[in-house]
Amino acid sequence: MIRALWFFLKLAVVIAAAIWLVEHPGSVRVNMLGYAIETSFTVALLIGLVALGVAALGYRLIRSVLRTPSRIRRHSRARKRERGYRALTQGMVAVAAGDAPTARKMARKADGLLNEPPLTMLLSAQAAQLQGDDRAANEYFTAMLERPETAFLGLRGLLTQAIKTGDRVEALQLARRARALQPNTPWLLATLYDLEARAGDWASAEGTLQQAIQAGAIPTEDGRRHRTVLLLERSFEAERRGRSDNALSHAQSAHDLSPGFVPAAARLARLMVAAGKQKAAAKVVERTWRQSPHPDLADAYREVLGSYDPLTRVKLFEKLLTQAPNHVESHIALARIALEAQLWGEARDHLNRALAIEPSRRLYRLFAELERSERHDEAAARDWMAKAAAAPADPAWTCDPCHAVSQAWGGLCGHCGAFDSLDWKAPTLAVSLMEPGHGHAHAAIAKSPVA
């Protein structure tokens with residue numbers, strides 16, 4: 001509506017001007033070079049308008065001719081850029097499809113068509129990785145470090161390569177350099193935490209773990225378990241350095257963080273015994289036994305009660321039975337301590353109760369020990385040992401990734417180096433790891449050591 005009104009308004013102005021010129025004809029006379037030209041004002045005006053239009057048209061034509069070469073160059077560059085991006089896209093699709101030859105071909109084509117090294121170098125590096133050419137991939141990633149806008153991508157590529165080749169020292173350095181550029185990147189924080197933990201840098205790993213939890217890279221519950229493990233490892237480290245107070249403090253923090261975590265409770269109880277706090281140590285084991293009856297806790301409780309005579313130990317062990325009266329570990333623990341006290345009837349009673357709950361290889365071996373100790377019956381003992389040989393393997397600290405079995409709990413798997421990966425379960429492979437020198441198996445810990 002507005003455009004129509006504007007059109008009619010312009011038309012009215014033109015008509016009014018035409019009427020005015022008709023009513024006021026006037027004349028124009030030009031004397032030039034001996035000639036006299038005379039015409040009406042209206043004709044002169046029309047001639048002037050036509051001349052102005054011709055001049056404008058000529059100007060645009062000349063301008064268009066002069067600009068033609070630059071337009072041709074721009075069009076050529078645009079087509080070249082379009083072909084380059086098409087090649088880049090095809091190269092990325094080839095990388096996703098695992099087509100290394102096509103990816104490398106498209107990378108070379110894109111590099112020749114595009115003047116954008118960050119994109120083409122990344123594609124070239126990925127193509128080299130697909131072809132297994134680690135040397136070329138490292139060269140491309142290293143070249144990316146020279147540009148601020150691609151430095152992080154280069155570090156990520158080199159970090160991936162270092163982890164792939166198992167060079168954890170180099171990977172840790174690269175991860176720390178990458179964090180300096182992008183400090184809140186979730187995947188980087190999770191990777192750095194894992195590398196620091198595998199390297200045994202417990203204090204740094206604890207700080208990185210907190211960052212990773214805040215960034216959402218590690219769930220809060222998983223983070224709680226990981227921090228428990230880190231605190232226990234810091235406790236072992238402090239003990240090796242002769243700092244018994246710090247060792248006890250870290251163990252106490254780990255137990256407070258995860259009261260049902262068996263290694264933390266067993267560790268704290270042993271350190272309390274060393275510090276002369278037997279009663280407090282006993283309470284730690286008893287409270288944890290209520291949540292997670294476990295052979296490691298029974299061993300720790302035996303150490304807590306080491307100063308008592310055998311009969312007294314049997315009476316005190318009954319406290320564990322009251323905490324979990326229907327659990328097989330409670331009866332096995334009492335049977336073992338009764339065997340040590342030569343209370344054969346009580347030992348046999350608890351072994352039978354345990355057998356009714358859950359038969360196991362360990363239980364059959366205790367029956368064999370009882371037959372030898374009480375009745376000196378080697379034939380009966382051999383029968384029980386035969387049953388033990390045919391029974392499934394007892395639960396043990398087993399690494400989830402590599403299935404290696406550790407003789408005791410620890411924060412790092414001595415076989416594959418995984419952190420926080422040991423679980424208390426029946427092993428699937430007969431791979432056993434001996435304890436390293438610092439007093440606990442260097443294996444990973446698991447989801448949570450429940451009964």
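Counting begins at 1 with the first residue of the sequence.
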- Message: Under 4.0 Å between a side-chain nitrogen and a carboxylate oxygen: does that hold for D394 and K425?
- Response: no

- Task: For W289 and A333, work out which heavy atoms get closest and say how close.
- Result: CH2-CB, 4.2 Å

- Item | Side chain to side chain, W409 and R267, heavy atoms closer than 4.5 Å | no

- Item | W397 ring center within less than 6.0 Å of H294 ring center | yes

- D349 and R353: salt bridge (Lys or Arg N to Asp or Glu O under 4.0 Å), yes or no, with the steps? CA-CA 6 Å; D349 177 56; R353 291 187 188 185; 3.4 Å; yes

- Task: May I ask you to decide whether R198 forms a salt bridge with D194, counting only side-chain N to carboxylate O separations under 4.0 Å?
- Result: yes

Using a 3.5 Å cut-off and no angle test, enumerate the donor-acceptor pairs between side-chain atoms of residues 276-284 and protein atoms at least two apart in sequence or in another chain.
none

- Task: May I ask you to say whether R225 pairs ionically with E221, meaning some side-chain N is under 4.0 Å from a carboxylate O?
- Result: no

- If you look at every heavy atom in N184 and A215, which pair is closest and at what distance? O-CB, 4.4 Å

- Atom of L297, atom of A266 and distance for their closest heavy-atom approach: CD2-N, 4.0 Å

- Message: I need the L153 CG to L155 CG distance, nearest 0.5 Å.
- Response: 9.0 Å

- Can R270 and E239 be counted as an ion pair, charged N to O under 4.0 angstrom? no

- Which pair of heavy atoms, one from L321 and one from S330, lies closest together, and at what distance? CD1-CB, 3.8 Å

- Are the side chains of I163 and T160 in touch, meaning some heavy atoms are under 4.5 Å apart? no

- Message: Return the CD to CG distance between Q342 and L311, rounded to the nearest 0.5 Å.
- Response: 9.5 Å

- T398 versus W424: any side-chain heavy-atom pair under 4.5 Å? no

- Run the salt-bridge test on K387 and D383 with the 4.0 Å N-O cut-off and return the result as yes or no. no

- Item | S244 and L271, any side-chain heavy atoms less than 4.5 Å apart | no

- Step by step, work out the salt bridge (Lys or Arg N to Asp or Glu O under 4.0 Å) result for D201 and R176. CA-CA 13 Å; D201 190 352; R176 284 172 172 167; 3.0 Å; yes

- Message: Quick check: do L351 and L366 have side-chain heavy atoms less than 4.5 Å from each other?
- Response: yes

- Query: Could you go step by step and tell me if L339 and W344 meet the side chain to side chain contact (heavy atoms under 4.5 Å, CB included) rule?
  - Reply: CA-CA 6 Å; L339 277 170; W344 314 124; 3.9 Å; yes

- For residues T288 and P259, determine if any side-chain heavy atom of one lies less than 4.5 Å from a side-chain heavy atom of the other. no

- Can you tell me if S204 and E196 form a side-chain donor-acceptor pair at under 3.5 Å? no

- Please step through side-chain hydrogen bond (donor to acceptor under 3.5 Å, both in side chains) for the pair N246 and S249, ending with a clear verdict. CA-CA 5 Å; N246 288 345; S249 174; 5.8 Å; no

- Apply the test ring-ring contact (aromatic ring centres under 6.0 Å, His included) to residues F236 and H250: give CA-CA distance (whole Å), side-chain angles for both, the deciding distance (0.1 Å), then the verdict. CA-CA 9 Å; F236 285 116; H250 289 313; over 10 Å; no

- Task: Report yes if some heavy atom in the side chain of L305 is under 4.5 Å from a heavy atom in the side chain of R302; otherwise report no.
- Result: no

- Going through the checks in order, is the side chain to side chain contact (heavy atoms under 4.5 Å, CB included) test met by W202 and L231? CA-CA 8 Å; W202 313 120; L231 285 167; over 6 Å; no

- Are R372 and E369 ion-paired here, with the side-chain N under 4.0 Å from a carboxylate O? no

- So, for V314 and A341, which heavy atoms are closest and what is the spacing to 0.1 Å? CG2-CB, 3.7 Å

- Which of parallel (below 30°), tilted (30 to 60°) and perpendicular (above 60°) describes F419 and Y193? perpendicular

- Task: Measure the spacing between CH2 of W187 and CZ of R156 and express it to the nearest 0.5 Å.
- Result: 4.5 Å

- Decide whether R287 and Q323 meet the rule of one side-chain donor and one side-chain acceptor closer than 3.5 Å. no

- Would you find more than 12 non-hydrogen atoms of other residues, nucleotides or ligands less than 6.0 Å from K315 atom NZ? no

- Message: Do L195 and L159 have side chains that approach each other closer than 4.5 Å (heavy atoms only, starting at C-beta)?
- Response: yes

- Query: How long is the gap from CD on Q161 to OG1 on T165, to the nearest 0.5 Å?
  - Reply: 7.5 Å

- Apply the test side chain to side chain contact (heavy atoms under 4.5 Å, CB included) to residues L145 and R177: give CA-CA distance (whole Å), side-chain angles for both, the deciding distance (0.1 Å), then the verdict. CA-CA 11 Å; L145 300 181; R177 287 177 63 186; 4.0 Å; yes

- Item | CA sep, side-chain torsions, deciding dist, call: K319, L316, side chain to side chain contact (heavy atoms under 4.5 Å, CB included) | CA-CA 6 Å; K319 290 183 179 180; L316 293 174; 4.2 Å; yes

- Query: How far does CG of L257 sit from OG1 of T228, to the nearest 0.5 angstrom?
  - Reply: 4.0 Å

- Compare every heavy atom of R224 with every heavy atom of S258, then report the nearest pair and how far apart it is. OG-CG, 4.1 Å

- Query: Does a side-chain N-to-carboxylate-O contact under 4.0 Å join E371 and R348?
  - Reply: yes

- Message: Check E206 with R234, please: is the shortest side-chain N to carboxylate O separation under 4.0 Å?
- Response: yes

- Task: Measure the spacing between CD of Q211 and OG1 of T185 and express it to the nearest 0.5 Å.
- Result: 10.5 Å

- Hey, mind stepping through E286 and R290 against salt bridge (Lys or Arg N to Asp or Glu O under 4.0 Å) and telling me if it holds? CA-CA 7 Å; E286 291 160 9; R290 186 183 303 123; over 6 Å; no

- Mind checking what makes side chain to side chain contact (heavy atoms under 4.5 Å, CB included) contact with R365, not counting sequence neighbours? R361, M385, A388

